[in-house]
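Have a look at the structure below, then the notes.
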Amino acid sequence: MSINTKYLKNNTQDIITASEILKSGGIVAIPTETVYGLAADMYNTQAVDKIFRAKNRPNDNPLIVHICDINQVYNLTDDFCVQAQELVKKYWPGPLTIILNKKKSVPNNITGNLDSVAIRFPAHKTAQKIIKHTGVPLVAPSANSSGKPSPTSFEHVLHDLDHKIDAILDGGTCDIGLESTVISFLEKTPRLLRPGFITQENIQSIIPEIIIDNSVYSKLDNNQKVISPGTKYKHYAPKSPVILINSSTENYVNFINQKYNQDQNILAMCFDEDLKYIKNNIKYISYGPENNFETQSRNLFKILRDTENIDISEIYVHINNNINNNFCDLKTAVYNRLVRAAGFNIINLI
Ligand code: TXA
Ligand code: MG
């Protein structure tokens, strides 16, 4: 079905228009500080169904509820535990999602029939205003087609969802570029399910003991229990196969230069520092300085999308990751997305 998608600007009038569309059961892509979200009234079953259809998202993959006032948490759960309260006091509004037991009144179609609900209070002022004007919390998964890199600009949303959704509000480029950190409070010890801008260290400054879920670093095998349904699906994949090269600059550059002799159509997705050593004529794209993870986060999804506009065979991504350090920082968050884009295909040259 083709819809005439409205393109909205980031001004008061258009923010009100976005809210009116949401109130009448439409779905609207909105900017947040992490990535663009595809929003709907959480209580409007038909609007929520439209989100799943537009994204081609499996129905068992639950959505995050976005609020604009901490008190709204009490309408969603009866178990707002002290640890979660302390954590959000420090990091909300911001790129942090908490998972708590849900109240009966939270519709099952947004939680994939789980008994829990994911909640986030975004820091982006436009997102806050839209939630406020709409008057109800908004569910909002990332506004991409399922399986594709999350959208960090208006153009990315347009590419994936034009004619499939009611409107897109252009809020420019997202500051952080990776989705929120997700932490679950369903067990005695809180469990980090998705790494993001709020790091393990940030969380442990408030809650000393947390568990890092296995899925953060590694592929789940078939009989492992999936706590966050999103982790079992293919993610962030551009058209060409992605292979991670865990390596020093020297070994990476040697690897790339040799590969090029066999296949002139490879793409080196590298660090700024590698550029001067990569042979002329080799196609390359940098995703930032080796040790600047803020820049890498902001660039990552855009670069993965940009690779689709170049005629290439395979993408060799330089990473330099001692993944055994088990300390979940922003570097881990970047790695977590890359390793999924690569379908866990890693060559270790360290
Ligand atoms: O930064 C973000 O979180 C962005 C912006 C738009 O807010 N949203 C986002 O939503 O990334 P989405 O749907 O793309 O990712 C939500 C993740 C999925 O992996 C989903 O499985 C998980 O959160 N999730 C949602 N509710 C859950 C629940 N009740 N239990 C476990 N995992 C849950
Ligand atoms: Mg997503």
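Just follow the structure's listing: the first ligand is 1, and inside any ligand the first atom is 1. Only heavy atoms go into these numbers, but all of them, side chains included; no hydrogens, no water, no symmetry mates.
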Ligand-residue contact atoms, ligand 1 with [X], heavy atoms, under 4.0 Å:
X	result
Thr34	1 (O), 2 (C), 4 (C), 5 (C)
Gly37	6 (C)
Leu114	28 (C), 29 (N), 30 (N)
Ala140	6 (C), 8 (N), 10 (O)
Pro141	10 (O), 12 (P), 13 (O)
Ala118	25 (C), 26 (N), 27 (C)
Asn61	18 (C), 20 (C), 21 (O)
Ser116	28 (C), 29 (N), 30 (N)

Review point. Under the side chain to side chain donor-acceptor pair (under 3.5 Å) test, which residues partner Asn292, sequence neighbours left out?
Key: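 With sequence neighbours excluded, Asn292 shows a side chain to side chain donor-acceptor pair (under 3.5 Å) to Thr295, given in chain and number order.
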
Exercise for review: Report yes if some heavy atom in the side chain of His159 is under 4.5 Å from a heavy atom in the side chain of Ser145; otherwise report no.
Suggested key: no

Check your understanding: Looking at side-chain heavy atoms only, is the closest gap between Gln83 and Leu87 below 4.5 Å?
Key ->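 Side chain of Gln83 against side chain of Leu87, heavy atoms only: no contact under 4.5 Å found.
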
Exercise for review: Using side-chain contact (heavy atoms from CB on, under 4.5 Å) as the criterion, list what pairs up with Thr307, not counting sequence neighbours.
Suggested key: Pro238, Leu267, Ile312, Ile315

Practice item. Between Ala39, Ser142, Ala29, flag the one that comes closest to atom 10 (O) of ligand 1 by a heavy atom. Key: Ser142

Point to revise | Of the listed options Glu179, Lys102, Arg194, closest to atom 15 (O) of ligand 1 (non-hydrogen atoms) | key: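 The nearest heavy atom belongs to Arg194.
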
Check your understanding: Distance below 2.8 Å from the Mg ion (ligand 2): how many protein N/O/S atoms qualify?
Key ->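 There are 1 of them.
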
**Study point:** Stepwise ring pair (Phe, Tyr, Trp, His ring centres under 6.0 Å) test for Tyr277 and Tyr252
**Key:** CA-CA 10 Å; Tyr277 303 110; Tyr252 175 73; over 10 Å; no

Exercise for review: Report the C-alpha distance between Asp306 and Lys302 in whole Å, list the side-chain angles of each, state the deciding distance to 0.1 Å, and finish with yes or no for salt bridge (charged side-chain N to carboxylate O under 4.0 Å, His left out).
Suggested key: CA-CA 6 Å; Asp306 285 349; Lys302 175 187 185 314; 2.6 Å; yes

Any chance the side chains of [X] and [Y] put a donor and an acceptor closer than 3.5 Å?
X	Y	result
Lys279	Asn261	yes
Asn348	Asn246	yes
Asn265	Lys283	yes

Review point. Relative to ligand 1, is Arg57 under 4.0 angstrom through side chain, backbone, both or neither, heavy atoms considered?
Key: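 Side chain only.
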
Check your understanding: Do Ser180 and ligand 1 have an N or O pair less than 3.5 Å apart?
Key ->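 Yes, there is a polar N/O contact under 3.5 Å.
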
Study note, to complete from the structure: Between the CD1 atom in Ile207 and the CG atom in Asn202, the distance rounded to the nearest 0.5 Å is 11.5 Å

Review point. Applying a strict 4.0 Å limit to heavy atoms, is Pro122 in contact with ligand 1?
Key: no

Check your understanding: Is the shortest distance from a heavy atom of Val35 to ligand 1 less than 4.0 Å?
Key -> yes

Review point. Side chain to side chain donor-acceptor pair (under 3.5 Å): which pairs involve residues 24-40, sequence neighbours left out?
Key: Thr32-Thr34, Thr32-Arg120, Glu33-Arg120, Thr34-Arg120

Check your understanding: Do you know which two heavy atoms are closest between Pro122 and Ala127, and how far apart they sit?
Key ->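 Closest approach of Pro122 to Ala127: CG-CB, 4.1 Å.
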
Exercise for review: Test Ser180 against Arg194 for side chain to side chain donor-acceptor pair (under 3.5 Å), laying out the working first.
Suggested key: CA-CA 8 Å; Ser180 60; Arg194 183 171 72 182; 3.2 Å; yes

